[in-house]
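Worth saying up front: this structure is predicted, and the values here are computed from it rather than measured. So that the names make sense, note that chain A is the first sequence line, chain B the second, and so on, each numbered from 1.
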2 protein chains.
Amino acid sequence: MAQEQKTLLAATDKLKEYKIKNTPQRQVILSYLMTSHDHPSIEMIFNYVRGNGFSVSLATVYNTLQLLIDNNLIIEIAADSGGHMRYDYFETPHYHVICVNCNKIVDVYNDKYKKNEEDAQLETGFQVFNSQYEVYGLCPECQKKLADNKSY
Amino acid sequence: MAQEQKTLLAATDKLKEYKIKNTPQRQVILSYLMTSHDHPSIEMIFNYVRGNGFSVSLATVYNTLQLLIDNNLIIEIAADSGGHMRYDYFETPHYHVICVNCNKIVDVYNDKYKKNEEDAQLETGFQVFNSQYEVYGLCPECQKKLADNKSY
DNA sequence: TACTTTTCGAGAATAGTTATCAATTACGCA
DNA sequence: TGCGTAATTGATAACTATTCTCGAAAAGTA
Ligand SMILES: [Mn+2]
Ligand SMILES: [Mn+2]
Ligand SMILES: [Zn+2]
Ligand SMILES: [Zn+2]
């Protein structure tokens, strides 16, 4: 069976597991997020779905993403200095290292940062659901690029 | 001397320190951020400045905030589920605990989360400038409110 | 299959943000 | 202190990301 088919089935299973009504649009969007590692924007998701032969509207992409966020299946990252939100399947806890120059997002699979959730709960009395950690800096490529430009 | 005057002077000093050209608008915006603890939105800042007898346009508020962000004087928090950005003077490292129901933002002055910056740098080769940590949950008031509603 | 409910989608409407550009202001320098 | 230049401001237009609308289509249920 093609890989593509497999991930569609995996997405279908997830939807069932979370008792979310199954539709082709939701399958494709979720399977894209489950397999892609590029933290896509709305536009990228929209183009991906249409590019794979499925019909979809922008409104449906927005609705579906909100649904997945509400079900804690994905997270939204405000990482794009162009003001675009980025989306990430969030099964395994990890944090994001973001290049302020090119908007690249790199995953770091280390959940140490999660330990602070307990502190936060004790300190504030909040009932804590989850947390996110973002690190800002310059990626190796942009470091090089900017160093080269300076040496004129 | 009135408190108000003092914080305006403090803001002026900060602007000098960072070699940012001094204007009345920048003074008021920065002094508001330096003293307020409510992580204001653009709209709140705009209203504050006008409410204190200074002329200002929305464009200037946006421009000034971007300038202060670029100088690492303030940070932008994507904490408002209504899609509004919030702004915070960020002299002392701290993280934010955010109520997903009422958008309240509570500061926790504990910089343990910052320790991960070193890991991130080693792991990714990024040149790290700063990092942010956000915890999501329900504030005590909203916990109570929602519990009451359920008990019908 | 028949029925009910949910979702989809095209486009309109909304709202947050950015661009424009002439007038004003800040500030280094004589 | 006063000039000259470059930067900033502000009213508003333009832009663009997101949400709304509502009739049509599809999903789930028995
Ligand atoms: Mn990720
Ligand atoms: Mn804060
Ligand atoms: Zn980069
Ligand atoms: Zn609350």
Comparing nearest nucleotides in DNA chain C, the 5'-proximal residue of the pair A:T64, B:E76 is A:T64

Rounded to whole Å, the OH-P distance (B:Y18 to D:dA7) equals 22 Å

B:L67 CG to D:dT8 C1', in whole Å, measures 11 Å

To the nearest angstrom, the CG-C1' distance between A:L58 and C:dA13 comes to 15 Å

Atom NE2 of B:H84 and atom P of D:dA17 are separated, to the nearest Å, by 17 Å

Next on the checklist: Check the phosphate of C:dG9 against A:T60, side-chain N and O only, distance under 4.0 Å to OP1 or OP2. Yes or no?
Outcome noted: yes

Hey, can you tell me if B:Y113 and B:Y95 have their rings parallel, tilted or perpendicular (30° and 60° cut-offs)? perpendicular

Between CZ of A:F46 and P of C:dG9 the distance, given in whole Å, is 9 Å

Picking from D:dA27, D:dT8, D:dA17, the nucleotide nearest the side-chain atoms of B:T23 would be D:dT8

To the nearest angstrom, the CG-P distance between A:N63 and D:dA25 comes to 19 Å

5'-most contact on DNA chain C (nearest-nucleotide basis), A:K21 vs A:Q25, goes to A:K21

- prompt: Can you find a side chain N or O atom of B:Y62 that sits less than 4.0 Å from OP1 or OP2 on C:dT18?
  reply: no

Return yes if a side-chain donor-acceptor contact under 3.5 Å exists between A:Y133 and B:Q132, otherwise no. no

Rounded to whole Å, the CD-P distance (A:Q27 to D:dG28) equals 9 Å

Open item on the list: OP1 or OP2 of C:dG11 versus the side-chain N and O atoms of A:S57: is any pair under 4.0 Å?
Closed with: no

Within the 4.0 Å heavy-atom criterion, would you say A:N22 contacts the bases, only the backbone, or no part of the nucleic acid?
sugar-phosphate

A:Y87 OH to D:dA17 C1', in whole Å, measures 10 Å

message: With a cut-off of less than 4.0 Å, is there a side-chain N or O of B:R26 near OP1 or OP2 of D:dT9?
response: yes

Less than 4.0 angstrom from a charged side-chain N to a carboxylate O is my criterion; do B:E17 and B:K14 meet it?
yes

Any side-chain donor-acceptor pair under 3.5 Å between A:H96 and A:D107? yes

- Message: Do B:Y48 and B:P40 make a side-chain contact, defined as non-hydrogen atoms from C-beta onward lying under 4.5 Å apart?
- Response: no

